[in-house]
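The chains referred to below are lettered A, B, ... by the order of the sequence lines, with proteins before strands, and numbering in each begins at 1. Heavy atoms only: backbone and side chains are in, while hydrogens, waters and symmetry mates are out. Being a predicted model, the structure only gives us computed values, none of them experimental.
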Protein chains: 4
Amino acid sequence: MKGKREIASSVKDESLIEMRRKQMIRGAVKLFKEKGFHRTTTREIAKEAGFSIGTLYEYIRAKEDILFLICDGIYDEVQKRLSTLEMEEGSIERLKLAISVYYQLIDDMTDEFVVLYQESKSLQKDALQYVLRKELEMVAIFEGILKECVISGELRISEQEIPIAAHHIVVQGQMWAFRRWALTKEYSIESYIKIQQHQLLKGIQ
Amino acid sequence: MKGKREIASSVKDESLIEMRRKQMIRGAVKLFKEKGFHRTTTREIAKEAGFSIGTLYEYIRAKEDILFLICDGIYDEVQKRLSTLEMEEGSIERLKLAISVYYQLIDDMTDEFVVLYQESKSLQKDALQYVLRKELEMVAIFEGILKECVISGELRISEQEIPIAAHHIVVQGQMWAFRRWALTKEYSIESYIKIQQHQLLKGIQ
Amino acid sequence: MKGKREIASSVKDESLIEMRRKQMIRGAVKLFKEKGFHRTTTREIAKEAGFSIGTLYEYIRAKEDILFLICDGIYDEVQKRLSTLEMEEGSIERLKLAISVYYQLIDDMTDEFVVLYQESKSLQKDALQYVLRKELEMVAIFEGILKECVISGELRISEQEIPIAAHHIVVQGQMWAFRRWALTKEYSIESYIKIQQHQLLKGIQ
Amino acid sequence: MKGKREIASSVKDESLIEMRRKQMIRGAVKLFKEKGFHRTTTREIAKEAGFSIGTLYEYIRAKEDILFLICDGIYDEVQKRLSTLEMEEGSIERLKLAISVYYQLIDDMTDEFVVLYQESKSLQKDALQYVLRKELEMVAIFEGILKECVISGELRISEQEIPIAAHHIVVQGQMWAFRRWALTKEYSIESYIKIQQHQLLKGIQ
DNA sequence: AATGAATGAGTTTTCATTCAT
DNA sequence: GATGAATGAAAACTCATTCAT
């Protein structure tokens, strides 16, 4: 909604920028997941991305920019997938679909989400605020869907309970990303989605 | 339950060790919360704790040890508070009390918990495994309480659902620690406990 | 003879590596001679070599590597100079030439030899073993030359005396390096070589 | 001959000083031999000697003093053993006895001698000069014995060759200390003394 | 005399970033 | 646009020495 926070590059060719940044994001996510932001060196990222350290710095200004690009990329994808829910507004089914789509996305981009939640605190103030704002926008999407359900009468919870319920949905998604190692012993992403839809609705219906 | 993992000190006086370590933990938690483990220097920790860098290293061997001491201290406190629930085994009231005690502890030690969940991945292999084991022991406490309720008949969920329910309780606690900045606008810890007790029980009763 | 023990460098250009390492060896030998390995800092070596501390560490991984490079360089030179003795095998003249070449080399590289014998014990296990092996190879060269003389009949000493005689030659070389300060008052390298050739041969002929 | 270089102690009781210093020398020699002067900490020396770091510093002023005490102790012993040679002055037998006594001493105090020759360069200027002077005094003892033999006519070498011959004797002693690991495979100290007496005399007779 | 906790200057090493080629 | 050698600030950690008890 708000204007994007752009990262300057000394390269002009936009499509080249996009390609190089994708390469570096892929490499960086892998490395950040394994070793964390601080233990990963820019040299390693460049190598993993397939180009030189000099080239890396043609497309970003600082190491932190890579972390920001990762976080920003996630919200782009969330926005994209949640903005096209083909289901009647105000219906419980729409809520369930949103949960399913969101959790499925987390499953597809587990590493990215883990990096987002583990490392984003390493961002400088302004980038961090941008990311927090995006996070709240994401929670707000679920608040919106919940509100519609309350208005339509399909959900009977108080106004006050909506934010916590939205946070709840988001946090249970995080849980899948973070506790996968423990949870995959018992559940697949499909069964996890089923159970969470069930329990979350029991909690608020 | 298992033997503690001890951190060597070159100082002999045990009570002095305890005191100095408490000082450094207090300072380190504050700094780690603000700037993260990697952005905090050992000199800053020493200064915050009120002694010199040399003295700091008389009580630990490596920076990582401080992080470990923080994590270990949390589990000590969890163990202590959850091991003395004066309530009939197998009762729903006991479960609610446990949740209340646990969430209250998280509220008392929010910074410590945030550091635990944000930074513990920076621990070396053996320390990390120790911390993960402790984390699982903590989840196991809630599994035990839930199981008692199932046995007594006060709770009617399947065996399979117990682990996820226990994780759920723990994760909702984490949520308070991590999302406090968003949640305190709407809830106090008391109201949060009430709502969570209610919703968690709706989910499993 | 055996494969060389390589020191990793993060610089790719081989000729640059060779040049920079030569620079740092020259500086380090001077400093190690003056103050010893431990009293010399890596910063001082970098400064003496004419580049920054960061650059130094682009060409080695640890301070110890510099010491190793010095030691290894000596054996390269020994090998080089002793492998091309143009003199009939088994002749006393060949033995005298070898002694002369070796002592002349020690005179040319006195500082390096002193560092080798004074500081090599500071090497880690594997580097130390490599250096000891090289040292023994060097003694073995003289044993070989002596053996030829015994076979040809120009030398009449027992098999058992060969190792001690070879050590003897090497040690008298060390003596020139270590006791130069006392010996140069009385002898030049040329007169030292003459006297030693004479005495060593008297001892074994 | 010259006045001793005294090391100040804040303790008054002379016999206590002597005892404590013996303890610390014994411990330090062991540690210096194993790890070198710089890699050995004063704490380790104190521990090995059986008292605290505080006590250590009651008997010396600086770490270096311990090294000096070791070196000085060796020369005391050399002086003691070589000043009472009961043999006719000017006889070859006296020279052989001196060599035997000296090499036997090196065998008795191998570790001390190795430390002397390996580490004495770590002494500060004035202590180093004192040690070098003592070393020359020791060489001078052999020069004296050689000179007597020349005067008595039992040895027929030029005046000029005397210093090198004396150095030679000393250096062959060092060789036993340093190359023991290689030499003990072939020789005992007794056979080494025999062979050296023989070869050294062949060299100068 | 003995102890050992406290100190902080000094050391090695790393790594983000720059810039000449 | 791409490269990679050069840089130096900054960080963790050590250890000789002191001094209050």
Side-chain angles (χ1 to χ4, degrees), chain A residues 9-13 16-17 20 38-47 50-66, chain B residues 9-13 16-17 19-20 38-47 50-66, chain C residues 9-13 16-17 20 38-46 50-66, chain D residues 9-13 16-17 20 38-47 50-66:
Chain A
S9 164
S10 53
V11 173
K12 301 286 154 66
D13 184 337
L16 193 54
I17 293 177
R20 293 278 187 244
H38 282 99
R39 285 207 202 290
T40 304
T41 68
T42 50
R43 270 162 133 135
E44 288 171 319
I45 296 169
K47 195 175 182 187
F51 38 76
S52 74
I53 182 67
T55 300
L56 187 85
Y57 275 88
E58 295 289 311
Y59 296 92
I60 53 161
R61 283 160 320 163
K63 184 184 178 186
E64 224 202 87
D65 288 345
I66 305 173
Chain B
S9 165
S10 48
V11 171
K12 294 176 182 177
D13 185 335
L16 195 54
I17 293 176
M19 190 183 91
R20 292 278 183 250
H38 282 102
R39 283 212 202 288
T40 304
T41 69
T42 51
R43 291 196 117 81
E44 288 171 320
I45 296 169
K47 196 175 182 188
F51 36 70
S52 72
I53 183 67
T55 299
L56 185 84
Y57 277 92
E58 292 286 303
Y59 294 92
I60 52 160
R61 282 161 320 165
K63 187 185 178 187
E64 218 203 271
D65 288 345
I66 305 173
Chain C
S9 165
S10 48
V11 171
K12 295 175 181 177
D13 185 335
L16 194 55
I17 292 177
R20 292 279 183 248
H38 283 101
R39 283 213 201 288
T40 304
T41 69
T42 51
R43 292 196 115 80
E44 288 170 320
I45 296 169
F51 36 70
S52 72
I53 183 67
T55 298
L56 185 84
Y57 276 92
E58 292 287 302
Y59 294 92
I60 51 159
R61 283 161 320 167
K63 185 184 178 186
E64 218 203 274
D65 288 346
I66 305 174
Chain D
S9 164
S10 53
V11 172
K12 301 288 155 65
D13 184 337
L16 193 54
I17 292 177
R20 292 281 185 242
H38 282 100
R39 287 207 200 290
T40 303
T41 69
T42 50
R43 270 164 134 135
E44 288 171 317
I45 296 169
K47 196 175 182 189
F51 38 76
S52 73
I53 182 67
T55 299
L56 186 84
Y57 275 87
E58 294 289 310
Y59 295 91
I60 53 161
R61 282 159 321 163
K63 185 185 179 188
E64 222 201 88
D65 288 346
I66 305 172

Self-check item: Reading 5' to 3' through nucleotides 14-21 of chain F, protein heavy-atom contacts under 4.0 Å coded B for base, S for sugar-phosphate only, - for none
Solution: BSBBB---

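- Look at CG on A:Leu56: it is 14 Å from C1' on F:dG1, rounded to the nearest Å.
- Atoms CD and CD1, from B:Glu58 and B:Ile17 in turn, are 10.5 Å apart once rounded to the nearest 0.5 Å.
- In DNA chain E, stems built from 3 or more consecutive Watson-Crick or G-U wobble pairs, each with both distances under 3.5 Å, span E:2-21 with F:2-21.
- Put simply, CG on B:Asp13 is 14 Å from C1' on E:dA6, counting in whole angstrom units.
- A heavy-atom distance below 4.5 Å is not found between the side chains of D:Tyr59 and D:Asp65.
- Taking every heavy atom of both residues into account, D:Ile60 and D:Ala62 meet most closely at CD1-O, 3.4 Å.
- Protein atom CD1 of C:Ile17 is 14 Å distant from nucleotide atom C1' of F:dA6, rounded to whole Å.
- Contact of the A:Arg43 side chain with the C:Ser10 side chain is registered, since non-hydrogen atoms from C-beta on lie closer than 4.5 Å.
- Of the residues near DNA chain E, D:Tyr59 and B:Leu16, the one whose nearest nucleotide (by heavy atom distance) lies more toward the 5' end is D:Tyr59.
- Taken from CD1 in B:Ile66 to CD1 in B:Ile45, the straight-line distance is 4.0 Å, to the nearest 0.5 Å.
- Atom NZ of A:Lys63 and atom OH of A:Tyr57 lie 8.0 Å apart (nearest 0.5 Å).
- Taking all atoms of both residues into account, the shortest heavy-atom contact from A:Arg39 to A:Glu44 is O-OE1, 3.8 Å.
- Per the geometry, NZ belonging to C:Lys12 stands 8 Å off C1' belonging to F:dT3, to the nearest Å.
- Rounded to the nearest 0.5 angstrom, D:Lys47 NZ and D:Ile53 CD1 are separated by 12.5 Å.
- The CE-C1' distance, from B:Met19 to E:dA6, rounds to 12 Å in whole Å.
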